[in-house]
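Only a predicted model underlies this, so the values are computations on that prediction, with no experimental measurement involved.
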Amino acid sequence: MHNINFIRENPTEFDNYMKQRGEKPISNKILELDKVKRETQTVLQNLLAERNSISKTIGKLKSEKKDASAEMKKVDEIKNKISNLKELEIIKNEELNTILTRLPNIPHKSVPIGSDENNNTKYREWGTKPSFDYKAKTHYELGEDLGLMDFETASKLSGSRFVILKNQLSKLERAIANFMLDKHTNENGYTEYNLPFLVKDDSLFGTGQLPKFGEDLFTAGDNHWLIPTAEVPLTNMVREEILNQNQLPMRFTSYTPCFRSEAGASGKDTRGMLRQHQFTKVELVSVVEPQNSEQELERMLESAESILKDLNIHYRVMTLCTGDMGFSACKTYDIEVWLPGENNYREISSCSSCSDFQARRMNTRYKLENKNIFVHTLNGSGLAVGRTLIAILENYQMPNGNIKIPEVLKKYLNNSDTLI
RNA sequence: GGAGAGAUGGCUGAGCGGUUGAAAGCACCGGUCUUGAAAACCGGCAACGGGGCAACUCGUUCGUGAGUUCGAAUCUCACUCUCUCCGCCA
């Protein structure tokens, strides 16, 4: 949600920011609605004040057993005007909100300007690509050849974009999740939560998925939605709260399934388990004071990177350009992991600062010297577990089709050296 | 699923239809006292919005939405949520 004061004072600048994010200029319309709304409100409030004071007089007269019929007649006349103006104010306010709740966050100054992923810039990279004497296999070739990854049966159960992991691969998924959670809670300073996977629409509004992106989500009836990411429940834990300064920064982590309809991705990544309707992810969320959010984003990125460093898998970090960022983000780093089987980099984490954008939607503030200030929220994957599993398969594959176990995961897998 | 109770400020918790935006306590902030701290005492302390350069002023808000009334935290209706008991159940 946007600060209407900022738009009032910087309409051209606002339009410019929106243009960078692929929106049309709209400040004119916003300011016009805002003006009408405020004028209506002023007139309305004067009438309300008049009604209130006459009502008080009536109360006084009645308690003195005097005649109040003249005053009551006066109020009666005002009442009609009031209800008309009230209606108008509500309409204008709704029109304004419809616009304001559907505009994306303003990008941070340091974000490269551009329309799509081609304008993303490389922030840094780590490690080197492994080399193979043969054509590296894809994760689904490896998984299926080992008999541990089953797309056919999954589609019998649930349709396309689902997978079944069996035996050692199922255990590997658990090992990865445990390793990530241990790392983030023991070394990176996050507190672990076990969360609801169903949320109400208020929560999805708070983090920005609703009202605009409902078609990307699965519903579960009764005003419940399946979470597309743990960001939603984690961040909304502080919705409608006024926090104390000494509670900040807050750092949360959680391992949850994520459910996405992938409505806009038909035909994309249909092979393998890269893009599924259901996947698991370890999520990181921070709630911080505004002046600390830039630094917190770097910290969060490093926390996510620490997982891949420990796994010793090559990756690069991209700074997303204005046109490629998510709705709520003001700045986003994507971590792209190297997948030898694909011969390509693929997103495995996305770390975003949402500045005060979600905080305004959620009305989350903290007390600072008797003032209530909107917090800044950040979220990042640390990491997507399914895609980490893919990365391990492809990077740790051996010529015979078996998989080496990364050093840090051994203790989670009976100290085995290889998958089977 | 059946029966009942409830929802008030950061928290706990009072509140006959008419200075109740709301008692009291806690928390918090400032001060006195103290070598320092604690205690005690004094003072301050809801949010959001409109108008105004400002002092300030007006409006809205007691779960949400309608209604009754000149006037609603207080009365009526619907909805949401929470809790208790019973039943069912991982």
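Between A/Glu262 and A/Arg275 there is a salt bridge, since a side-chain N of the basic residue sits under 4.0 Å from a carboxylate O of the acidic one. For the pair A/Asp269 and A/Arg346, the salt-bridge criterion is met [side-chain N within less than 4.0 Å of a carboxylate O].
Using N1 to N3 plus N6-O4 or O6-N4 for Watson-Crick, or N1-O2 and O6-N3 for G-U wobble, each under 3.5 Å, B/rA40 pairs with B/rU32. Under the Watson-Crick or G-U wobble criterion, with both distances below 3.5 Å, B/rA7 is paired with B/rU80. Here B/rA72 sits opposite no nucleotide as a Watson-Crick or G-U wobble pair (both hydrogen-bonding atom distances under 3.5 Å). Nucleotide B/rU60: paired with B/rA47 (Watson-Crick or G-U wobble, both distances less than 3.5 Å). The nucleotide B/rC85 finds its pairing partner in B/rG2, both defining distances of the Watson-Crick or G-U wobble pair being shorter than 3.5 Å.
Note: A/Tyr123 and A/Tyr333 meet the aromatic proximity criterion, with ring centroids under 6.0 Å apart. A distance of 6.0 Å or more separates the ring centres of A/Phe357 and A/His376.
Across all strands, A/Lys37 comes closer than 4.0 Å to no nucleic acid atom at all (heavy-atom distances). A/Lys73 comes within contact range of no nucleotide atom at all, as no heavy-atom separation falls under 4.0 Å. Nucleic acid contact for A/Lys56: none, since no nucleic acid atom lies under 4.0 Å from a heavy atom of the residue. A/Arg8 comes within 4.0 angstrom of sugar-phosphate atoms only, judged by non-hydrogen atoms across all strands, and of no base.
Side-chain contact, A/Gln247 with A/Glu241: no donor N or O sits under 3.5 Å from an acceptor N or O.
For the contact set between residues 38-53 of chain A and RNA chain B, defined by any heavy atom under 4.0 Å, the members are A/Arg38, A/Gln41, A/Thr42, A/Gln45, A/Leu48, A/Ala49, A/Arg51, A/Asn52.
With sequence neighbours excluded, the residues that form a side-chain contact (heavy atoms from CB on, under 4.5 Å) with A/Lys79 are A/Val75, A/Asp76. Residues satisfying the ring-ring contact (aromatic ring centres under 6.0 Å, His included) criterion with A/Phe197, sequence neighbours excluded, are absent altogether. For A/Phe6, the ring-ring contact (aromatic ring centres under 6.0 Å, His included) test picks out no residue, with sequence neighbours left out.
The P atoms of B/rG63 and B/rC11 are separated by 13 Å, rounded to the nearest whole Å. Atom name P, nucleotides B/rA23 and B/rC45: the rounded distance is 11 Å, in whole Å. With both ends at atom C1', the span from B/rG9 to B/rG15 equals 14 Å, rounded to whole Å. Spacing between B/rC75 and B/rG18 at atom C1', rounded to whole Å, works out to 15 Å. Distance noted for atom C1' between B/rG1 and B/rC88: 8 Å (whole Å). Spacing between B/rA40 and B/rG87 at atom P, rounded to whole Å, works out to 49 Å. Spacing of C1' atoms, B/rG10 relative to B/rC28, comes out at 9 Å, to the nearest Å. Nucleotides B/rA22 and B/rC58 have their P atoms positioned 13 Å apart, rounded to a whole Å.
Relative to the ring axis of A/Tyr412, A/Arg174 does not place its NZ or CZ within 45° and under 6.0 Å from the centre.
Counting only residues at least two apart or in different chains, side chain to side chain donor-acceptor pair (under 3.5 Å) contacts with residues 279-290 of chain A comprise A/Glu173-A/Thr280, A/Thr229-A/Lys281, A/Gln245-A/Glu289, A/Lys281-A/Glu283, A/Ser286-A/Glu296, A/Glu289-A/Gln291, A/Glu289-A/Tyr366.
Running 5' to 3' along RNA chain B, contacts with non-hydrogen atoms of chain A at under 4.0 Å begin and end at B/rG10 to B/rC81.
Checking A/Lys371 against A/Asp34, the closest nucleotide of RNA chain B that is more toward the 5' end is the one next to A/Lys371. Between A/Ile242 and A/Asn363, the residue anchored nearer the 5' end of RNA chain B, judged by the nucleotide with its closest heavy atom, is A/Ile242.
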